[in-house]
A.B. asks: 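Right, I'll just put the structure down here and ask away after.
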Amino acid sequence: MNGVFTKDWWIAVAVRMIKTFAEGCLAVMGSQAAFIHEVNWLMVLSGGALAAVVSFLLALKGLPEVPTTAPDVGEGKRYKEDDDERTDKA
């Protein structure tokens with residue numbers, strides 16, 4: 001989970017949640033009523049909030065906007081590329 005819960009991650013998650021909240025509100029509004037006075041605003045806000053929560057939970061998996069760092073390599077551990085170089089030389 002490298003790159004999760006960093007400052008850049010929180011900023012990216014906040015932007016994504018706000019956008020998703022707006023999209024969720026629009027989806028509920030568009031499917032609910034033809035006129036503005038017929039809209040159930042509590043339901044609109046509820047739908048947007050649910051979409052934002054789902055967006056946050058999906059962001060825990062990782063965000064393409066936030067680069068991840070390579071894992072630390074301890075003594076005796078190598079990357080796969082190191083193994084490929086050794087077989088090419090042999």
Side-chain angles (χ1 to χ4, degrees):
M1 290 177 77
N2 292 332
V4 178
F5 301 122
T6 62
K7 181 181 176 184
D8 291 336
W9 186 86
W10 280 110
I11 291 170
V13 167
V15 168
R16 184 176 279 213
M17 286 177 67
I18 290 167
K19 289 179 179 180
T20 305
F21 176 81
E23 291 169 353
C25 288
L26 286 172
V28 174
M29 243 187 292
S31 67
Q32 191 181 57
F35 300 105
I36 192 106
H37 68 284
E38 295 177 353
V39 175
N40 181 347
W41 292 104
L42 183 59
M43 186 177 288
V44 169
L45 294 175
S46 177
L50 180 61
V53 168
V54 170
S55 176
F56 175 78
L57 293 174
L58 289 173
L60 291 174
K61 180 181 169 197
L63 293 174
E65 300 93 338
V66 180
T68 58
T69 58
D72 292 333
V73 178
E75 286 293 317
K77 295 182 181 177
R78 297 183 309 263
Y79 286 113
K80 174 107 175 77
E81 293 81 23
D82 291 341
D83 292 335
D84 292 340
E85 289 175 8
R86 289 179 184 215
T87 55
D88 291 340
K89 292 178 184 177

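We count residues from 1, following the sequence as given.
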A.B. asks: Specify the closest pair of heavy atoms between Cys25 and Val44, including all atoms of both residues, with the distance to one decimal.
C.D. replies: SG-O, 3.5 Å

A.B. asks: Rounded to the nearest 0.5 Å, how far apart are CG of Leu50 and CZ of Phe21?
C.D. replies: 11.0 Å

A.B. asks: With the 4.5 Å side-chain cut-off for hydrophobic clustering, are Val66 and Leu60 part of the same group?
C.D. replies: yes

A.B. asks: Under the side-chain contact (heavy atoms from CB on, under 4.5 Å) rule, what do Leu63 and Val13 come out as? Steps first, then yes or no, please.
C.D. replies: CA-CA 8 Å; Leu63 293 174; Val13 167; 3.5 Å; yes

A.B. asks: Using the six-membered ring wherever Trp is involved, compare the ring planes of Trp9 and Phe56 and label them parallel, tilted or perpendicular (cut-offs 30° and 60°).
C.D. replies: perpendicular

A.B. asks: Taking the side chain as every heavy atom from C-beta outward, state whether Val28 and Trp41 have any pair of such atoms under 4.5 Å apart.
C.D. replies: no

A.B. asks: Would you say Ile36 and Leu45 are hydrophobically clustered, going by side-chain heavy atoms of ILVMFWY under 4.5 Å?
C.D. replies: no

A.B. asks: Quick one, Leu26 and Met29 - any side-chain contact, counting heavy atoms below 4.5 Å?
C.D. replies: yes

A.B. asks: Which heavy atom of Gly24 sits nearest to which heavy atom of Ala51, and what is that distance?
C.D. replies: CA-CB, 4.2 Å

A.B. asks: Tell me if a side-chain donor or acceptor on Ser46 pairs with a main-chain N or O of Leu42 at a distance below 3.5 Å.
C.D. replies: no

